[in-house]
*Asks:* 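Below is a structure I'd like to ask you about.
When reading the values below, keep in mind they use all heavy atoms of this one structure, side chains included, and skip hydrogens, waters and symmetry mates. Atoms within each ligand, like the ligands themselves, are counted from 1 in listed order.
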Amino acid sequence: MEARDHQFDFDFIVIGSGFGGSVSALRLTEKGYRVAVMEMGRRWTPDNLPHTSWSLHRWFWRPKLGLRGFFNMRFFRHATIFHGCAVGGGSITYACTLLAPPEKVWASGSWSGLANWKEEMPRHYETASRMLGVTENRILGPADHLLQQAANAAGVGHTFYCTKVGIFQPASGVPGQTFPDPFFRGDGPERSACVACGGCMMGCRYGAKNTLDLNYLYLAEKHGARILPETRVVDVRPLEGASNGSAGYEVCTVKSTAWIRRQFRRFTCRAVVFSASSLGTMELLFHLRETGSLPDISAQLGQHVRTNSESLIGARTPGYSEDVSQGIAIGSGVYIDEHTHIEAVRYPNGSDAMGLLTTILTDGQPGPQRIFLWLKNVMGSLLRHPFKTVRVLQPLGWAREFVILLCMQALEGEMEMRWQRPWFWPFRKFLVSRGQKMPTYIPRANEFAKKFAQLTGGFAMSMLPEILFDVPGTAHCIGGCVIADSPGHGVVDGRHRVFGYRNMYICDGAVVAANLGVNPSLTITALAERAMSFIPPAAEMEWNDSPKSIGRPGLALSRSA
Ligand SMILES: Cc1cc2nc3c(=O)[nH]c(=O)nc-3n(C[C@H](O)[C@H](O)[C@H](O)COP(=O)(O)OP(=O)(O)OC[C@H]3O[C@@H](n4cnc5c(N)ncnc54)[C@H](O)[C@@H]3O)c2cc1C
Ligand code: SF4
């Protein structure tokens, strides 16, 4: 059956409205396509965002428990993964640090040789940076000054830099002042100047953070894209007549926030873009391969999942004269050695819930010995400074006094995700991590945290799950459907087309094929810009776009089969 015989609801359905999904939605509508974006999370505005992290129901995403926020934490054996879930994806909760990785990342991993990345990517980074309003942070708070002093004390002061961020910081005007759209020649919404409240990860209640709903998605909706919030995609299958999807697809959804009446809906489209994030796209594709909806997804699904080798440590500064929550969420960074990058991170005053997960810093290799050492450290500290120790272990006032040191290493390290029944819940399959454990103890980073704490007379701190379970926390999960030359090495080709299917793409962190060593959102945006640049205008589309497996070294990839 020919694709044109069907009455399609949309030309493209985009699954997920994060960085990859928003770029796709805007660029496709600009090219004349009818686009729907299915987004599992809610729509957020300055009026309904939580004031602090104690408003768990507005911060955390666990709809079955009545928590309908925008921040999710998923627990795996190899990592605790933090990610966003909202109209605007991770941009609502992210710290808006937008950094380009070093050029060497294009020469490693399965994407190397598949395109002239070094030549092609700069123009896409440029577009992504313009759209996301990237600028150098000009608001240095007490935490950033402390970071600089600690870097000086550690002999790496020359590496201190102000982060590149997506925040509106006008050259003139006062904090909080509203301006007509400063980014898109009047086509975008009005914006307010940053007030340095440190609340970026709790959602910006001032309209100063350049979240996707204020740029890409805003413009996509203006061009006619339909965004369906609280809509979770549960099935994608080729329409009858062509198992490779050339006759179009059926996309089924349920209401993600409903407990009982789940409002099952069915849509048809000619093409699908998976943009549900690395974790979300892997989860959906594993499920669809297993149920037989998309049986030809590559066996490489779930391979090469990376986390930027992160570790979260920090310092609590009771008695320090200044409120370290002031500033922007991530205002500055330093390199303590060639591979190890540390950023100073904060939550806004009053958002103390994360304080429940922090404890006295403990060195040593993971395992029972480290737990024993941690108990010894806590007991020792209680005996020496009972009041001070109790004070730093209780959460009240945590955000005002705590600087998180986000430590990222640009070292190669990856895990694998499988679709399995865990031993503790054999009734259904879930994503389960496998492979080498990521380091939770980075000795030089711990030394740095101690120097940082000394400057304020405070305590160096660790994350409790890293000590107890040897599981690092990360907000930067990438890979799992990587770009490669063939289905034997990855899930999509150099133009993000899914091997085994026609008119099907993946545009999100899942395609990233190397460890970036920096926060990934700018790269995900730039890659999506590049992928969308290959899609022809609607009037020229033949609806026959399929990937090409090629041998190395990479040859130009053609659009049609
Ligand atoms: C607290 C925090 C701070 C961060 N800070 C930074 C930072 O400063 N800089 C940086 O570069 N990165 C940061 N990140 C990481 C960044 O948010 C992610 O890398 C980025 O959002 C990934 O983009 P994406 O396009 O892959 O998907 P996402 O932005 O994660 O979007 C995917 C969307 O798909 C939706 N979805 C998933 N499954 C389905 C389904 N079945 N049906 C419908 N919708 C679905 C999800 O709800 C989500 O909204 C941070 C993350 C967190 C959690
Ligand atoms: S510091 Fe506050 S005002 Fe500035 S971008 Fe972040 S949340 Fe918005």
*Asks:* Do F70 and W61 have ring centres separated by under 6.0 Å?
*Replies:* no

*Asks:* Can you measure from CG (L285) to CD1 (I506) and round to the nearest 0.5 angstrom?
*Replies:* 5.0 Å

*Asks:* Tell me, please, which residues at least two apart from P520 pass side chain to side chain contact (heavy atoms under 4.5 Å, CB included).
*Replies:* H476, I478, L516, I524

*Asks:* What pairs with E221 under side chain to side chain contact (heavy atoms under 4.5 Å, CB included), at least two apart in sequence or on another chain?
*Replies:* R43, I227

*Asks:* Does a salt bridge link R74 with E283, judged by any charged N lying under 4.0 Å from a carboxylate O?
*Replies:* yes

*Asks:* Counting no waters, what protein N/O/S atoms lie under 2.8 Å from atom 8 (Fe) of ligand 2?
*Replies:* C204 SG

*Asks:* Indicate yes or no for a side-chain donor-acceptor contact from D235 to the backbone of C252 under 3.5 Å, with no hydrogens or angles considered.
*Replies:* no

*Asks:* Can a non-hydrogen atom of G327 be found less than 4.0 Å from any atom of ligand 2?
*Replies:* yes

*Asks:* Thinking salt bridges, do E414 and R306 make one under a 4.0 Å N-O criterion?
*Replies:* yes

*Asks:* Nearest 0.5 Å please: distance from the CG atom of L527 over to the CH2 atom of W117.
*Replies:* 6.0 Å

*Asks:* Can you list every pair where an N/O of ligand 1 is under 3.5 Å from an N/O on the protein?
*Replies:*
| from | atom 1 | to | atom 2 | distance (Å) |
| --- | --- | --- | --- | --- |
| ligand 1 | 5 (N) | A95 | N | 3.0 |
| ligand 1 | 8 (O) | A95 | N | 3.4 |
| ligand 1 | 8 (O) | C96 | N | 3.3 |
| ligand 1 | 8 (O) | T97 | N | 3.0 |
| ligand 1 | 8 (O) | T97 | OG1 | 3.4 |
| ligand 1 | 9 (N) | T97 | O | 2.8 |
| ligand 1 | 11 (O) | T97 | O | 3.3 |
| ligand 1 | 11 (O) | P520 | N | 3.3 |
| ligand 1 | 11 (O) | S521 | N | 2.8 |
| ligand 1 | 11 (O) | S521 | OG | 2.9 |
| ligand 1 | 12 (N) | S521 | OG | 3.0 |
| ligand 1 | 25 (O) | F19 | N | 3.1 |
| ligand 1 | 25 (O) | G20 | N | 3.0 |
| ligand 1 | 26 (O) | G509 | N | 2.8 |
| ligand 1 | 29 (O) | G90 | N | 2.9 |
| ligand 1 | 41 (N) | V233 | O | 3.2 |
| ligand 1 | 42 (N) | V233 | N | 2.9 |
| ligand 1 | 44 (N) | M40 | N | 3.1 |
| ligand 1 | 47 (O) | E39 | OE2 | 2.6 |
| ligand 1 | 49 (O) | E39 | OE1 | 2.9 |
| ligand 1 | 49 (O) | E39 | OE2 | 3.0 |
| ligand 1 | 49 (O) | A86 | N | 3.3 |
| ligand 1 | 49 (O) | A86 | O | 3.2 |

*Asks:* Of the options S91, C194, C204, which is the one that meets K209 in a side-chain contact (heavy atoms from CB on, under 4.5 Å)?
*Replies:* C204

*Asks:* Could you check whether the rings of Y347 and W59 sit parallel, tilted or perpendicular, using 30° and 60° as the cut-offs?
*Replies:* perpendicular

*Asks:* Touching ligand 2 at all, A329? Heavy atoms, strictly under 4.0 Å?
*Replies:* no

